[in-house]
Q: 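Below is the structure I would like to discuss, written out as structure tokens.
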Amino acid sequence: METMEFVIRPDGRVEMQVQGIAGTECTQVSHLIEQDLGQVTQREWTAEYFQTVQPHQQDVTVNSHY
């Protein structure tokens, strides 16, 4: 399950953590929110960021009636 957690510090700083998204896709999810929040002053990558995203595999069977 994908989640975003926000912590708002008393000095106004906002910490955001994206969880449940493997690979670099998490940056696409957080990008729009970062633009609204202001300047990013620090970024830390989680272990999930470095995980390789496996493409989805789907088995398809085609029956020919010729």
Q: Determine whether T46 and Q17 satisfy the following criterion, side-chain contact (heavy atoms from CB on, under 4.5 Å), listing intermediate values before the conclusion.
A: CA-CA 9 Å; T46 65; Q17 184 173 17; 3.9 Å; yes

Q: Roughly how far, to the nearest 0.5 Å, is the OG1 atom of T41 from the CZ atom of R13?
A: 7.5 Å

Q: Are T27 and W45 packed together at the side-chain level, in the sense that at least one heavy-atom pair is separated by less than 4.5 angstrom?
A: yes

Q: Please list all pairs meeting salt bridge (Lys or Arg N to Asp or Glu O under 4.0 Å) that have one or both residues in residues 25-46, counting only residues at least two apart or in different chains.
A: E34-R43

Q: Verify the cluster assignment for V14 and V29: are they in a single hydrophobic cluster under the rule of side-chain heavy atoms below 4.5 Å apart?
A: yes

Q: Could you state whether M4 and V40 fall into the same hydrophobic cluster, counting links through intermediate Ile, Leu, Val, Met, Phe, Trp or Tyr residues with side-chain heavy atoms under 4.5 angstrom apart?
A: no

Q: With heavy-atom distances below 4.5 Å as the criterion, would you say the side chains of Y49 and I21 are in contact?
A: no

Q: With salt bridge (charged side-chain N to carboxylate O under 4.0 Å, His left out) as the test, would you mind laying out the steps for D11 and R9 before giving the verdict?
A: CA-CA 5 Å; D11 63 0; R9 300 290 178 194; over 6 Å; no

Q: Decide if atom CG of L37 counts as having more than 12 heavy atoms of other residues, nucleotides or ligands within a radius under 6.0 Å.
A: yes

Q: Do I33 and M16 have side chains that approach each other closer than 4.5 Å (heavy atoms only, starting at C-beta)?
A: yes

Q: Answer yes or no: is there a donor N or O on one side and an acceptor on the other, between the side chain of E48 and the main chain of G20, under 3.5 Å?
A: yes

